[in-house]
Peer 1: 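Dropping the structure in here first, questions after.
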Amino acid sequence: MSQIFSIKNKIIVISGANGVLGAAISQYLAKQGAIIIVLSRNQAKVNALANKIIEEGGTAVSAVADVTNEDQLNTVQQQLKRQFGKIDVLINTAGGNMPGAVITPDQTILDSDTTSLKKVIELNYLGTFLPTKVLLPLFLEEKKGIVINFSSMSAKRPLTRVMGYSSAKAAIDNLTQWLAVEFCQKYGEGLRVNAIAPGFFLTEQNRTLLTEKNGNLTARGQQIVDNTPMGRFGQPEELLGVTHWLCSDASKFVTGTIIPIDGGFDAYSGV
């Protein structure tokens with residue numbers, strides 16, 4: 001039975017691998033014997049993470065592309081085709097937010113910046129769709145593979161302030177389910193698509209929003225913790241078990257799901 005959880009020698013592409021969550025996932029899966037393709041747009045950071053994985057005894061390859069640039073992704077696809085001929089898993093962790101797509105308490109939607117909103121939607125939605133589209137032929141070599149998208153609690157429960165991010169992540173939920181059906185109907189049951197929806201994890205992007213410089217919680221950070229039954233933020237390593245499961249044959253009848261990892265946030269009504 002233990003073999004159904006094995007991911008040894010699986011070729012796993014991880015976009016946004018340089019982020020807090022992406023890096024933790026990359027290093028963990030490498031320690032489980034997977035071959036990690038570290039994909040991001042920053043060459044120096046990509047190389048640094050790949051080298052760190054190799055120093056820890058894992059196998060990693062650098063791949064450089066902006067996930068919203070189809071031409072750059074095509075170059076990566078050709079690189080992987082030459083090196084491996086196929087891939088087994090694509091994990092789309094790339095995403096993020098920016099100030100212009102946020103509506104602060106002293107602003108209204110009239111203060112929103114359309115240019116920033118477009119960038120947030122492109123990064124989160126196209127940054128998931130395009131890698132999936134471009135790398136699909138590498139799955140079709142064996143009509144088998146796994147796509148894991150990254151959604152958010154803000155997709156299901158739109159959060160105040162993060163208008164653009166919430167909208168984009170809601171689209172990821174829809175895309176995940178649409179692709180799951182499309183791939184099964186067109187390519188067979190061997191190609192699965194699921195998503196992980198993290199609750200609140202401290203990253204470089206949200207740290208100043210949720211914590212003060214002295215480490216204490218901001219008012220928003222405290223509000224989030226108060227509405228999380230476990231009473232804390234998540235730790236990156238708490239995403240690893242579900243990610244491992246989705247990468248393995250242990251989840252071979254699972255497709256089209258969005259799995260919350262949120263400490264009970266979605267289940268809590270506040271009363």
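All values below were derived from every heavy atom in this structure, side-chain atoms included, with hydrogens, water molecules and symmetry-related copies excluded. Index from 1, following the sequence.
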Peer 1: Decide side-chain contact (heavy atoms from CB on, under 4.5 Å) for Glu70 and Leu126; before the verdict, give the C-alpha distance in whole Å, the side-chain angles of both, and the deciding distance to 0.1 Å.
Peer 2: CA-CA 10 Å; Glu70 194 164 358; Leu126 285 182; over 6 Å; no
Peer 1: Of the non-hydrogen atoms in Ser116 and Ala101, which two are nearest, and what is the gap between them?
Peer 2: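 Result for this residue pair: CB-N, 3.8 Å.
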Peer 1: Counting heavy atoms not belonging to Gln78, are there more than 12 under 6.0 Å from its CD?
Peer 2: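 Yes, because the 6.0 Å sphere around CD of Gln78 holds more than 12 heavy atoms from other groups.
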Peer 1: Going hydrophobic residue to hydrophobic residue with side-chain gaps under 4.5 angstrom, can you get from Leu29 over to Ile196?
Peer 2: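 Yes; tracing contacts between hydrophobic side chains, which count when under 4.5 Å, links both residues.
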Peer 1: Just to verify, which of Phe200, Phe201, Phe233 counts as forming a ring-ring contact (aromatic ring centres under 6.0 Å, His included) with Phe265?
Peer 2: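 Looking at Phe200, Phe201, Phe233, the match for Phe265 under the ring-ring contact (aromatic ring centres under 6.0 Å, His included) is Phe200.
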Peer 1: Any chance CD of Gln223 has more than 12 other-residue heavy atoms, nucleotides or ligands included, within less than 6.0 Å?
Peer 2: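 No.
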Peer 1: For Gln43 and Asn47, does a side-chain donor sit closer than 3.5 Å to a side-chain acceptor?
Peer 2: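 Yes, Asn47 and Gln43 have a side-chain donor paired with an acceptor closer than 3.5 Å.
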Peer 1: Is there a donor-acceptor pair closer than 3.5 Å between any side-chain N or O of Asp262 and the backbone N or O of Pro198?
Peer 2: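 Checked: no pair found.
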Peer 1: Is Phe183 close to Leu136 at the side-chain level, that is, under 4.5 Å between some pair of heavy atoms?
Peer 2: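 When only atoms from C-beta onward are counted, Phe183 and Leu136 do touch, with a gap below 4.5 Å.
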Peer 1: Does any part of the side chain of Leu73, heavy atoms only, come nearer than 4.5 Å to the side chain of Leu135, both counted from C-beta?
Peer 2: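 Side chain of Leu135 against side chain of Leu73, heavy atoms only: no contact under 4.5 Å found.
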Peer 1: Please check: side-chain N/O of Thr257 versus main-chain N/O of Ile259, any donor-acceptor pairing under 3.5 Å?
Peer 2: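 No, the answer is negative, given that no donor and acceptor are paired below the 3.5 Å cut-off.
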Peer 1: Is there a side-chain contact between Val64 and Gln72 (heavy atoms, below 4.5 Å)?
Peer 2: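 No, too far: nothing below the 4.5 Å cut-off.
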Peer 1: Can any side-chain N or O of Asp88 pair as donor or acceptor with the backbone N or O of Ile11 at less than 3.5 Å?
Peer 2: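 It does hold such a pair.
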Peer 1: Do any N or O atoms from the side chain of Ser248 and from the backbone of Ser6 form a donor-acceptor pair under 3.5 angstrom?
Peer 2: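 Side chain of Ser248 to backbone of Ser6: no pair is present.
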Peer 1: Taking Ser251 for the side chain and Trp245 for the main chain, is one N or O donor matched with an acceptor at less than 3.5 Å?
Peer 2: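 Checking the backbone N and O of Trp245 against the side chain of Ser251, a donor-acceptor pair under 3.5 Å is found.
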Peer 1: Tell me, with the steps shown, if Thr228 and Tyr268 meet side-chain contact (heavy atoms from CB on, under 4.5 Å).
Peer 2: CA-CA 7 Å; Thr228 301; Tyr268 186 52; over 6 Å; no
Peer 1: Would you say the side-chain atoms of Gln32 pair up with the backbone N or O of Ile7, donor to acceptor, closer than 3.5 Å?
Peer 2: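 Pair absent, no side-chain N/O of Gln32 close to backbone of Ile7.
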Peer 1: What verdict does the side-chain contact (heavy atoms from CB on, under 4.5 Å) test give for Leu138 and Phe84, after you've listed the backbone C-alpha separation in whole Å, the side-chain angles of each residue and the deciding distance to 0.1 Å?
Peer 2: CA-CA 9 Å; Leu138 299 179; Phe84 303 104; over 6 Å; no
Peer 1: To the closest 0.5 Å, what do you measure between CE (Met153) and CG (Asp266)?
Peer 2: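 Atom-to-atom, Met153:CE and Asp266:CG are 5.0 Å apart.
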Peer 1: Determine, using the 4.5 Å side-chain heavy-atom cutoff (strictly less than), whether Val147 and Leu80 are members of one ILVMFWY cluster.
Peer 2: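 Cluster IDs for Val147 and Leu80 match.
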Peer 1: If you look only at pairs with a residue in residues 21-45, which of them pass as a ring-ring contact (aromatic ring centres under 6.0 Å, His included), with sequence neighbours excluded?
Peer 2: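 ring-ring contact (aromatic ring centres under 6.0 Å, His included) check on residues 21-45 returns Tyr28-His244.
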Peer 1: At their closest point, which heavy atom of Asn124 faces which heavy atom of Gly95, and how far apart are they?
Peer 2: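 The answer is OD1-CA, 3.3 Å.
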Peer 1: Transitively linked via ILVMFWY side-chain contacts under 4.5 Å: Val193 with Phe150?
Peer 2: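 No; Phe150 is not reachable from Val193 via cluster members.
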Peer 1: About how many Å separate CD1 of Ile146 and CG of Leu90, when rounded to the nearest 0.5 Å?
Peer 2: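 One gets 11.0 Å once the value is rounded to the nearest 0.5 Å.
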Peer 1: Might you point out which heavy atoms bring Leu191 and Cys184 nearest each other, and give the distance in Å?
Peer 2: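 Where Leu191 meets Cys184 most closely, the heavy atoms are O-SG, 4.2 Å.
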Peer 1: Could you pull out all donor-acceptor pairs under 3.5 Å where a side-chain atom in residues 171-181 meets a protein atom, sequence neighbours excluded?
Peer 2:
residue: Asp173; atom: OD1; partner: Ser151; partner atom: OG; Å: 2.5
residue: Thr176; atom: OG1; partner: Asn149; partner atom: ND2; Å: 2.9
residue: Thr176; atom: OG1; partner: Ile172; partner atom: O; Å: 2.8

Peer 1: Mind checking the CZ-OH spacing from Phe139 to Tyr187? Nearest 0.5 Å is all I need.
Peer 2: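 Nearest 0.5 Å value for the CZ-OH distance: 12.0 Å.
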Peer 1: CD1/Ile103 to CG/Leu110 distance, rounded to the nearest 0.5 angstrom?
Peer 2: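 Output value for this atom pair is 9.0 Å.
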Peer 1: Any chance you could measure Asn97, atom CG, to Leu117, atom CG, to the nearest 0.5 Å?
Peer 2: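 That separation rounds to 9.5 Å.
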Peer 1: Is the shortest side-chain heavy-atom distance between Arg220 and Thr160 below 4.5 Å?
Peer 2: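 Of all side-chain heavy-atom pairs linking Thr160 with Arg220, at least one is under 4.5 Å.
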Peer 1: When you measure from the side chain of Gln3 to the backbone N and O of Asp249, does any donor-acceptor pair fall under 3.5 Å?
Peer 2: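 Here the side-chain-to-backbone pair does not exist.
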Peer 1: Are Phe129 and Val120 grouped together when hydrophobic residues (ILVMFWY) are joined by side-chain heavy atoms under 4.5 angstrom apart?
Peer 2: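 No, separate clusters.
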Peer 1: Any donor-acceptor pair under 3.5 Å linking the side chain of Gln222 with the backbone of Leu217?
Peer 2: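 Side chain of Gln222 to backbone of Leu217: no pair is present.
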Peer 1: Out of Ile12, Val61, Val13, Ile53, which residue meets the side chain to side chain contact (heavy atoms under 4.5 Å, CB included) rule with Val38?
Peer 2: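 The passing option is Ile53.
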Peer 1: Could you give the side-chain donor-acceptor pairs of residues 16-26 under 3.5 Å, partners two or more places apart or in another chain?
Peer 2:
residue: Asn18; atom: ND2; partner: Ser40; partner atom: OG; Å: 3.1
residue: Ser26; atom: OG; partner: Gly22; partner atom: O; Å: 2.8

Peer 1: Any link between Val89 and Ile14 through a network of hydrophobic side chains (Ile, Leu, Val, Met, Phe, Trp, Tyr) touching at under 4.5 Å?
Peer 2: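 Linked within one cluster.
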Peer 1: Between the main-chain N or O of Pro158 and the side-chain N or O of Lys169, is there a donor-acceptor pair closer than 3.5 Å?
Peer 2: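 Here the side-chain-to-backbone pair does not exist.
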Peer 1: Check whether any side-chain heavy atom of Lys144 lies under 4.5 Å from a side-chain heavy atom of Lys86, and answer yes or no.
Peer 2: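 No. Closest side-chain heavy atoms not under 4.5 Å.
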Peer 1: Of the non-hydrogen atoms in Ile91 and Thr243, which two are nearest, and what is the gap between them?
Peer 2: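 The answer is CD1-CG2, 3.9 Å.
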Peer 1: With rounding to the nearest 0.5 Å, note down the distance linking OG in Ser269 to CG in Asn227.
Peer 2: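 Between Ser269 OG and Asn227 CG, I get 9.0 Å after rounding to 0.5 Å.
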Peer 1: Short question: side chain of Thr75, backbone of Asp71 - any donor-acceptor pair under 3.5 Å?
Peer 2: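 Checked: pair present.
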